[in-house]
Amino acid sequence: MSNVSIVRADEADADEVTSVLSAGFHQDPVSGWLFPDEADRVRLHPAFFRPFVELTLAEGAIWTTPDRAAVALWLPVDVTAHGDEPDLRSLYEPTLGAYHAERIGAFDARSSANHPTHTNHQYLPFVAVRPERLGEGLGTALLTDRLDDLDRQGVPSYLEASNERSAKLYARLGYAHLDVTTDLPDGPTLYPMWRDPARSGALRS
């Protein structure tokens, strides 16, 4: 997929990025746990993703394809400030209601407990592709473009795979499982994964 162009999104793209995330994660097991009712998921997904989009535009970078069919959100993590993140339950309760905010808070607490704190890194909270564009390699193109850049900079990265299928994709891109999992109550398991920067050319060797 070397012929896929990658561009950086800006504030004008916020609505479209939110739309891609909302559609791309509709069938995701974590979204299904956060919003068990499918109608609620359709209705509330945009309000769930929009704060992440705004935060990443302000503090990180969102990379996308020129037609905005796929997006990847990257945030820099300064481990000296770890623990200063906002309380997501309180953040979301006014817009999503107490029930969903409680579930988001439970997920956030478990996820944050597993987030590495030993060195600064880039964090990939979300990468999504519009459902009708799956299978074209757009997500992989977004990731390899950014990972090549992180390799040149010597910067490690972290993510949580929300299912075993995506974990296998990330493993092919150089990510390794940590010795923990993020287990949601009566829900899915997420797989924390870490990637040290590869030597030049090693990513696809």
Side-chain angles (χ1 to χ4, degrees), residues 1-9 17 20-21 23-31 49 52-53 55-57 59-79 107 110-112 114-183 188-205:
M1 293 301 296
S2 59
N3 60 328
V4 176
S5 297
I6 306 299
V7 298
R8 186 168 179 171
V17 170
V20 175
L21 292 169
F25 278 91
H26 182 74
Q27 299 296 335
D28 182 80
V30 176
S31 283
F49 284 111
F52 286 103
V53 171
L55 174 66
T56 308
L57 286 170
E59 299 184 6
I62 298 177
W63 299 95
T64 184
T65 53
D67 60 1
R68 308 307 190 257
V71 299
L73 279 60
W74 288 91
L75 282 165
V77 174
D78 178 354
V79 296
F107 164 68
R110 288 164 173 78
S111 178
S112 296
N114 289 335
H115 199 125
T117 59
H118 63 286
T119 189
N120 294 345
H121 56 275
Q122 284 282 322
Y123 173 43
L124 176 70
F126 301 112
V127 56
V129 179
R130 289 197 179 276
E132 65 272 17
R133 301 293 299 278
L134 289 171
E136 298 181 23
L138 301 180
T140 300
L142 281 176
L143 293 176
T144 55
D145 179 81
R146 182 61 177 147
L147 292 175
D148 282 347
D149 191 40
L150 294 180
D151 288 343
R152 287 189 289 270
Q153 298 177 48
V155 176
S157 59
Y158 171 75
L159 57 82
E160 280 184 298
S162 60
N163 57 67
E164 293 183 355
R165 179 186 59 79
S166 62
K168 291 178 181 177
L169 166 64
Y170 296 132
R172 291 198 296 270
L173 296 176
Y175 284 90
H177 286 274
L178 300 183
D179 292 330
V180 293
T181 57
T182 300
D183 304 307
T189 293
L190 292 89
Y191 305 92
M193 304 183 75
W194 180 266
R195 184 182 184 277
D196 287 316
R199 296 187 304 274
S200 178
L203 180 60
R204 287 176 295 280
S205 62

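In this chain, residues are counted from 1 in sequence order. The figures that follow rest on heavy atoms only: side chains count, while hydrogens, waters and symmetry mates do not.
- Heavy-atom minimum distance, L21 versus F49: O-CE1, 3.6 Å.
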Could you please spell out the steps behind the side-chain contact (heavy atoms from CB on, under 4.5 Å) verdict for L143 and Y170? CA-CA 9 Å; L143 293 176; Y170 296 132; 3.6 Å; yes

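- Pairing each heavy atom of A72 with each of L142, the nearest pair is N-CD1, 3.8 Å.
- Closest of all the heavy-atom pairs between P29 and P188 is O-CG, 3.6 Å.
- In this view, R130 satisfies the salt bridge (charged side-chain N to carboxylate O under 4.0 Å, His left out) rule with no residue, not counting sequence neighbours.
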What's the verdict on side-chain contact (heavy atoms from CB on, under 4.5 Å) for N120 and V77, showing C-alpha distance, side-chain angles and the deciding distance? CA-CA 6 Å; N120 294 345; V77 174; 5.9 Å; no

For residues 157-164, run the donor-acceptor check on the side chains, cut-off 3.5 Å, and write out each pair with its distance to 0.1 Å, sequence neighbours left out.
{"residue": "S157", "atom": "OG", "partner": "Y175", "partner atom": "OH", "Å": "2.7"}
{"residue": "E160", "atom": "OE1", "partner": "S111", "partner atom": "OG", "Å": "2.5"}
{"residue": "E160", "atom": "OE2", "partner": "T182", "partner atom": "OG1", "Å": "2.5"}
{"residue": "S162", "atom": "OG", "partner": "D28", "partner atom": "OD1", "Å": "2.6"}
{"residue": "N163", "atom": "OD1", "partner": "R165", "partner atom": "N", "Å": "3.1"}
{"residue": "N163", "atom": "OD1", "partner": "S166", "partner atom": "N", "Å": "2.7"}
{"residue": "N163", "atom": "OD1", "partner": "S166", "partner atom": "OG", "Å": "3.2"}
{"residue": "E164", "atom": "OE2", "partner": "Y191", "partner atom": "OH", "Å": "3.3"}

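- Expressed to the nearest 0.5 Å, how far CG of L150 lies from CH2 of W74 amounts to 5.5 Å.
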Trace of the side-chain contact (heavy atoms from CB on, under 4.5 Å) decision for V180 with R110: CA-CA 11 Å; V180 293; R110 288 164 173 78; over 6 Å; no

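- Within the 3.5 Å criterion, the main-chain N or O of T189 finds no donor-acceptor partner in the side chain of D183.
- Annotation: the span from L75 atom CG to D78 atom CG amounts to 12.5 Å, rounded to 0.5 Å.
- Under the ring pair (Phe, Tyr, Trp, His ring centres under 6.0 Å) criterion, H26 pairs with no residue at all, not counting sequence neighbours.
- Side chains of L178 and P116 form a contact here, defined as non-hydrogen atoms less than 4.5 Å apart.
- A distance of 12.5 Å separates OG1 of T144 from CZ of R172, quoted to the nearest 0.5 Å.
- Between L190 and F107, the closest side-chain pair of non-hydrogen atoms falls below 4.5 Å.
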Go through D151 and R146 one step at a time and tell me if the salt bridge (charged side-chain N to carboxylate O under 4.0 Å, His left out) criterion holds. CA-CA 9 Å; D151 288 343; R146 182 61 177 147; over 6 Å; no

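- In plain terms, the two heavy atoms of V20 and A128 that are nearest each other are CG1-O, 3.8 Å.
- Residues G24 and P131 come closest through the heavy atom pair N-CD, 4.3 Å.
- The nearest pair of heavy atoms linking A70 to T64 is O-OG1, 2.7 Å.
- To the nearest 0.5 Å, atoms CG (D196) and NE2 (H121) are separated by 11.5 Å.
- Ring-plane geometry between H118 and W194 is classed as tilted, the angle between the planes lying from 30 to 60 degrees on a 0 to 90 degree scale.
- Panel note: side chain R195, backbone L173; a donor-acceptor pair is recorded below 3.5 Å.
- In this structure, the side chain of N114 engages the main chain of T181 through a donor-acceptor pair within 3.5 Å.
- Here CD of Q122 is found 9.0 Å from CG of D149. Values are rounded to the nearest 0.5 Å.
- Taken from CG in L73 to OG1 in T56, the straight-line distance is 4.0 Å, to the nearest 0.5 Å.
- Between V4 and D145, every side-chain heavy-atom pair lies at or beyond the 4.5 Å cut-off.
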